[in-house]
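One structure is given here, and the rest of the page talks about it.
Here, residue 1 is the first one in the sequence, and each next residue gets the next number. One-based numbering, in listed order, for ligands and for the atoms of each. On a predicted model such as this, the values are computed, not experimentally measured, just so you know.
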Amino acid sequence: MALFGKSKNNSVDVPPLVLPVHIGIIMDGNGRWAKKRGLPRKAGHSAGAKTFRKITRYCSDIGIKYLTVYAFSTENWKRPQDEVNSLMNLFKSYLEEALSDFKDDSIVVRFIGDKSHFSEDLRNLMIENEESSKDRDGMVLNIAMNYGSRDEIVRAVKNISADVKNGILSEDDINEQLVSDYLYTAGQPDPDLIIRPSGEYRISNFLLWQSAYTEFVIMNKLWPDFEKSDLDEALNIYSGRNRRYGGV
Ligand code: FPP
């Protein structure tokens, strides 16, 4: 592993690794992982939740400032009720137990998405986690739950238009920065790198506005099998990219 720029024999100069400030991860492949093992899909989600915990801690340890994980999309409600229920139970147990672990890493936990569709229990847990972690000084972990980027943009447009109507904004105030400020990720830098495990080449309604200049790395590993070394590999690929932001 060449994460911090040392060659195998320590003798050749390797350019220093350029770390992304903000990483997004589409945690995909839980269902296929379970199917391959003849297990129910919920077993894949449980294994995926363990990977989420491991990779989150690793990102914090290596100095990533923002991590956004896609846990449940606005479209995922269409899954069979049994699978949705098992995901809700998993979220609940993680919010009760695992997220308190992140205290040691001083991780700030935020939820992006529309909380109003979740049960009262889950909503309260989300708010508690946000409140209790908001003054920490470590990595910001955005957990996208009932998140859809089109939904986020529609919500922003509605809120902007309401603020124009009630005189808080004028039409001339509307620019790219203002739109960003009305998204769930307001005040955060755009993702530098989005990783999609499981080999699918799709953005799936994740951070559409924010990913205008994001580098994508698709990896052929199912999320429950994703290791720290896979993250290292994605970081090395990212570090070798030449980002031009539309320039030359
Ligand atoms: C997509 O894989 C994964 C999900 C819809 C759920 C992701 C949730 C977790 C990893 C649990 C994380 C827990 C917390 C607390 C954030 P898929 O089911 O679409 O897989 P497939 O494409 O192989 O069917």
Protein residue, atom and distance nearest to atom 9 (C) of ligand 1, heavy-atom basis: N30 ND2, 3.8 Å
Ligand 1 contacted by D28 (non-hydrogen, < 4.0 Å): yes
Considering A71, A144, G31, S198, which one's heavy-atom position lies nearest to atom 6 (C) of ligand 1? A71
Starting from atom 1 (C) of ligand 1, find the nearest protein heavy-atom neighbour and note its residue, name and distance. M27 O, 3.3 Å
With a 4.0 Å cut-off on heavy atoms, is K35 touching ligand 1? no
Listed once per pair and sorted, the salt bridge (charged side-chain N to carboxylate O under 4.0 Å, His left out) pairs that draw on residues 122-134, sequence neighbours left out: K115-E130, E131-K134
Judged on heavy-atom distance to atom 17 (P) of ligand 1, which of R79, R32, E75 sits nearest? R79
Does the side chain of W77 come within less than 4.5 Å of N146's, by heavy atoms? yes
Test: E227 and K221 ion pair at under 4.0 Å: no
Atoms of ligand 1 close to H45 [distance to a heavy atom under 4.0 angstrom, numbered from 1]: 4 (C), 6 (C), 18 (O)
Less than 4.5 Å apart, side chain to side chain, heavy atoms only: is that true for V217 and I194? no
Selected option - heavy-atom contact closest to atom 15 (C) of ligand 1, from W33, F111, W223, Y94: Y94
Taking atom CZ of R241 as the centre, does the number of heavy atoms from other residues, nucleotides or ligands within less than 6.0 Å exceed 12? yes
If you measure from each heavy atom of R41 to ligand 1, is any distance below 4.0 Å? yes
Please list all pairs meeting salt bridge (charged side-chain N to carboxylate O under 4.0 Å, His left out) that have one or both residues in residues 152-178, counting only residues at least two apart or in different chains. none
Can you spot which of I143, I112, I25, V140 makes a side-chain contact (heavy atoms from CB on, under 4.5 Å) with T68? I112
Taking only non-hydrogen atoms of N76 and a 4.0 Å limit, the atoms of ligand 1 in range are 5 (C)
